[in-house]
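Count residues from 1 along the sequence. Remember, it's a predicted structure, so these values are computed and weren't measured experimentally.
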Amino acid sequence: MIKKVVLFVVVLSGVFVMDNHKVLGDTMGEHSQNYHLNAKSGFMNDIQSIVYDEKTQEYKFYYLHNKDFNIGGNGTEWEAVSTKDFVHYNSLGTAIKKYTTPNGDIASGTIYKDYDNTLGFGKDALISYVTSYGEKGQTQNIWFSVDNGLTFQAYKNNPIMTPDNKDTNFRDPYVFRLDGTFYMYLAEGNKIGVYNSKDGIHFNYKSGIYNKIDQLGLLECPNLFKLKTTDSHEDKWVMLFGGNGYQRQETTGTYYVVGNLIDGVFQPETDARRVDDGSDFYGAKFMQTNNHQLLGLGWLGSWDYNKQVKTNTGKVGSMSMARVLSLTQKDNYRLTTNKFLTSTLFKNKVDEQTVYTKETTADALGYKTVVDKNIPLKSFALNLNTVKDNEVFPSHIHIEIDNQDSFFKFDLDTTNGYYMVSRDGTNIKNEEGAYDHYTKAHVAKINAVNQLNVQLFVDAGSIEMFFPETGETYSLAKFSEVSNNHVTVKVNGDTTVAYSVLE
């Protein structure tokens, strides 16, 4: 019989020093993370367009920011950020301020680079197509930048589009140009509206997309890209958007559908799937880096509880780790994550041991402890690798991470690939059902056969899991102020377990 080895690698990291860079967000502040982008102040939510600056060789992106959250103020503006590696960040200030025009505050949208000056604001001007919330309802507006995206000016003839009914959902424009025609994809309740334009200013309704997506409640933040599959080398279109999976026993999240484009209108060919199986990868934006790869960022949060986080400073919110995604033809076209960019931070091995569970005593439920360690850090990563190579492989693997104000549990059933994630915490108010939403357990499935390879990247405000063999991910928010964690790993079988500690 082949001897089976289960390998656990625990990767630890303290506060990172970002040389020659200003990190946006005070990492010593309330609910701040060590290796994620934090809110500058106030409340952070949806990520906006990601653009690459060829001159400075860095990425620029924006997020929605309510600086007045702590004093009961509302409205959002675009906060600008630059980065070369999505590990170190520079604050560039407020690019679009709220309540500076009669159309209301600035919400979600997208940026188009006008290479040939079609819109007339200047060659290479950055054009922000963005939703405003005002007396006319949700309107579409143009803001343009001639200083490389640092600041934007309002187009004098805004709004360029208004809804038939001011109470209708009519928001989050995604604009691209194809064969000389501009197309706008707009979130309209349970459908995506498609509009076209020759000049990028005057848009006409063309079609609506319902198929495969109308069971996902209120839709938001559409994105659309043409990708070449990594295995069959086919060209397919991928539409990504925010949705609510309550009809499928899922949370809010970021979904995608694969299909083709006919005369600028997306034709869905697959069911909607989640980009991330967790409860807190939302308000996401993506950028195409080559013909088979996307770069993606999301807001680590949910409207079900983020506004009910206990806070003295009003500073709430952070961004996910950046991820690289690609499309495979396998399993009827699946969008998978190749890696998290921040994972390169964890390098140095400081400890390793081998545990023989036959030599340990099981608890009352039949579980044997593999790891039982106090980790005096707010941030660390846990890598776990197993291979099912004989009949005594444990049927369940538990991972628990807890401290004085938060608790997380991962429970994998190795016989079918299903796992349950549960959490608890003291920093969520018991208001408007927020605590119940936050603590509800959720089930997902790993599409792996005869193995488990999982990495958990833990920070003060989040846990992001990555399954390298399948490209699946699970991201969740946690709101902890404690710089000490207790990690426990248990299995309900006899096997050999090797683990190492890195920082």
Side-chain angles (χ1 to χ4, degrees), residues 6-15 31-36 276-281 300-301 305 309 318 320-321 340 342-343 345-346 350-351 353 355 363 365 367-386 394 396-413 419-428 435 438-444 446 452-467 473-492 497 499-503:
V6 182
L7 174 63
F8 293 92
V9 182
V10 180
V11 188
L12 309 183
S13 178
V15 178
H31 302 307
S32 291
Q33 307 212 67
N34 286 340
Y35 60 90
H36 289 77
D276 183 290
D277 289 319
S279 55
D280 298 301
F281 184 77
L300 283 171
Y305 36 77
V309 174
S318 59
S320 73
M321 291 193 291
F340 288 137
T342 317
S343 61
L345 288 168
F346 307 99
V350 298
D351 183 34
Q353 297 184 42
V355 177
D363 62 19
L365 297 177
Y367 284 89
K368 297 187 175 184
T369 299
V370 175
V371 178
D372 187 0
K373 300 183 75 70
N374 284 313
I375 300 176
L377 300 167
K378 290 178 73 172
S379 57
F380 60 95
L382 171 65
N383 297 342
L384 180 152
N385 180 265
T386 68
H396 279 269
I397 299 173
H398 288 182
I399 302 172
E400 295 183 8
I401 302 171
D402 67 278
N403 57 35
Q404 293 176 337
D405 65 4
S406 70
F407 172 80
F408 162 85
K409 183 176 181 178
F410 169 88
D411 178 8
L412 170 69
D413 185 338
Y419 63 91
M420 178 178 288
V421 172
S422 55
R423 62 183 168 182
D424 203 343
T426 63
N427 290 320
I428 301 293
Y435 181 77
Y438 181 77
T439 57
K440 184 179 180 180
H442 298 287
V443 175
I446 305 168
L452 171 66
N453 188 1
V454 62
Q455 301 173 339
L456 287 83
F457 297 99
V458 181
D459 209 343
S462 63
I463 297 177
E464 293 168 88
M465 295 192 293
F466 174 49
F467 301 92
T473 59
Y474 190 108
S475 299
L476 60 87
K478 68 183 184 75
F479 304 96
S480 177
E481 291 293 298
V482 178
S483 296
N484 186 60
N485 289 277
H486 185 244
V487 175
T488 306
V489 179
K490 296 181 179 181
V491 299
N492 65 343
V497 178
Y499 74 89
S500 62
V501 177
L502 303 168
E503 66 177 359

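- Residues Q33 and L300 have side chains in contact (heavy-atom distance under 4.5 Å, counting atoms from C-beta outward).
- Checking each of V371, V454, V370, N453 against L384 for a side chain to side chain contact (heavy atoms under 4.5 Å, CB included) leaves exactly one that passes, namely V454.
- Side chains of F457 and M321 form a contact here, defined as non-hydrogen atoms less than 4.5 Å apart.
- For Y305 and F479, the ring centers are positioned 6.0 Å apart or more.
- Separation of the Y419 and F410 ring centroids falls under the 6.0 Å cut-off.
- Residues I428 and V309 meet the side-chain proximity criterion, which asks for heavy atoms closer than 4.5 Å.
- Nearest heavy atoms, S320 versus H36: C-CD2, 3.8 Å.
- Here the closest heavy-atom approach between residue G425 and residue Y435 is recorded as O-CE1, 3.7 Å.
- Annotation: F340 is not in aromatic contact with Y35 [ring centroid separation under 6.0 Å not met].
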S480 and D405: CA distance, side-chain angles, deciding distance, side chain to side chain donor-acceptor pair (under 3.5 Å) verdict
CA-CA 6 Å; S480 177; D405 65 4; 2.7 Å; yes
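- Side-chain contact check for I463 versus R423: every heavy-atom pair is 4.5 Å or farther apart.
- Looking at heavy atoms from C-beta onward, V421 lies in side-chain contact with F408 at the 4.5 angstrom threshold.
- Residues D276 and T473 bring a donor and an acceptor atom of their side chains to less than 3.5 Å of each other.
- In this structure, L412 and I446 have side chains that are in contact, with non-hydrogen atoms separated by less than 4.5 Å.
- Formation of a donor-acceptor pair under 3.5 Å by the K409 side chain with backbone atoms of I399 is not found in this model.
- By the side-chain hydrogen bond (donor to acceptor under 3.5 Å, both in side chains) test, T369 is found to be paired with no residue, residues two or more places apart in sequence or in another chain being considered.
- Side-chain contact between V482 and S406: absent, with no pair of heavy atoms (C-beta onward) separated by less than 4.5 Å.
- Without hydrogens or angle criteria, E464 side chain to Y474 main chain gives no donor-acceptor distance under 3.5 Å.
- Under a 3.5 Å cut-off, the side chain of D411 and the backbone N or O of M420 do not form any donor-acceptor pair.
- Between H486 and D372, some side-chain heavy-atom pair lies under the 4.5 Å cut-off.
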